[in-house]
Participant: 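Before I ask anything, here is the structure I am working with.
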Amino acid sequence: MPDTDPNHPITVESNPRRVTVTFNGVTIADTRMARTLREASYPPVQYIPRDDVQMTHLERTQHHTHCPYKGEASYYTIVAGDMRADNAVWTYEQPKPAARKVGGYVAFYPNKVTITEE
């Protein structure tokens with residue numbers, strides 16, 4: 001399947017708003033450099049540069065998924081205090097062209113963390 005499809009559009013644009021991610025009362029990410037990925041009819045996803053993520057709270061897992069449009073995603077578990085959110089974070093380290101603007105950025109499952117835009 002091709003990585004671009006007119007019936008499955010993907011756009012990425014800079015988000016000028018401040019985006020924060022918290023888990024178990026800990027700020028995991030805080031940025032003004034997020035990129036919003038919009039894909040087909042899915043809800044928009046905020047991708048955050050690693051420099052703005054507290055990577056010390058993330059543990060890489062063996063979990064991977066494959067998207068025919070964006071490529072292979074690697075996952076992290078968030079650890080903050082005595083709480084864990086397994087595979088709550090994903091990243092495309094070598095994305096396909098449609099997702100190249102979020103390559104190396106990380107995204108968070110909104111049902112596992114609190115994501116705020118100001």
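One-based numbering along the sequence shown.
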Participant: Flag the pair R50 and D52 as a salt bridge only when some basic side-chain nitrogen lies within less than 4.0 angstrom of an acidic carboxylate oxygen.
Facilitator: no
Participant: With no hydrogens and no angle check, is any side-chain donor or acceptor of H57 less than 3.5 Å from a backbone partner on V79?
Facilitator: yes
Participant: Please step through side-chain contact (heavy atoms from CB on, under 4.5 Å) for the pair E72 and E93, ending with a clear verdict.
Facilitator: CA-CA 8 Å; E72 184 169 311; E93 293 171 342; over 6 Å; no
Participant: Assess whether atom CD of E117 is packed by more than 12 heavy atoms of other residues, nucleotides or ligands within 6.0 Å.
Facilitator: yes
Participant: Please answer whether the main-chain N or O of A29 pairs with a side-chain N or O of T27 as donor and acceptor at a distance below 3.5 Å.
Facilitator: no
Participant: Examine distances only and state if a side-chain atom of S74 and a backbone atom of T91 form a donor-acceptor pair shorter than 3.5 Å.
Facilitator: no
Participant: Assess the side chains of R60 and T77: does a donor N or O sit below 3.5 Å from an acceptor N or O?
Facilitator: no
Participant: Taking atom NZ of K112 as the centre, report whether more than 12 heavy atoms of other residues, nucleotides or ligands fall under 6.0 Å from it.
Facilitator: yes
Participant: Any salt bridge (Lys or Arg N to Asp or Glu O under 4.0 Å) pairs touching residues 19-40, not counting sequence neighbours?
Facilitator: E13-R38, R18-D30, E39-K70
Participant: Measure from the ring center of H8 to the ring center of Y69 and say whether it is less than 6.0 Å.
Facilitator: yes
Participant: Which hydrophobic side chains are connected to V26, either touching it within the sub-4.5 Å cutoff or through other members that do?
Facilitator: V19, V21, F23, I28, I48, V53, M55, L58, Y76, I78, M83, V89, V106, F108, V113, I115
Participant: Any side-chain donor paired with an acceptor under 3.5 Å for Y47 and W90?
Facilitator: yes
Participant: Would you sort out whether Y75 and Y109 count as a side-chain contact (heavy atoms from CB on, under 4.5 Å), showing the intermediate values?
Facilitator: CA-CA 11 Å; Y75 286 77; Y109 281 108; 3.5 Å; yes
Participant: Is it true that a side-chain atom of H66 and a backbone atom of H64 form a donor plus acceptor pair closer than 3.5 Å?
Facilitator: no
Participant: Going by an N to O cut-off under 4.0 Å, is there a salt bridge joining R17 and E118?
Facilitator: no
Participant: Please report the closest heavy-atom contact between P95 and G103, naming both atoms and the distance.
Facilitator: CG-CA, 3.6 Å
Participant: Does any non-hydrogen side-chain atom of L37 lie less than 4.5 Å from one of I10?
Facilitator: yes
Participant: For the backbone of N15 and the side chain of T36, can you confirm whether one donor and one acceptor N or O come within less than 3.5 Å of each other?
Facilitator: no
Participant: For A98 and V12, which heavy atoms make the closest approach, and how far apart are they?
Facilitator: O-CG2, 4.3 Å
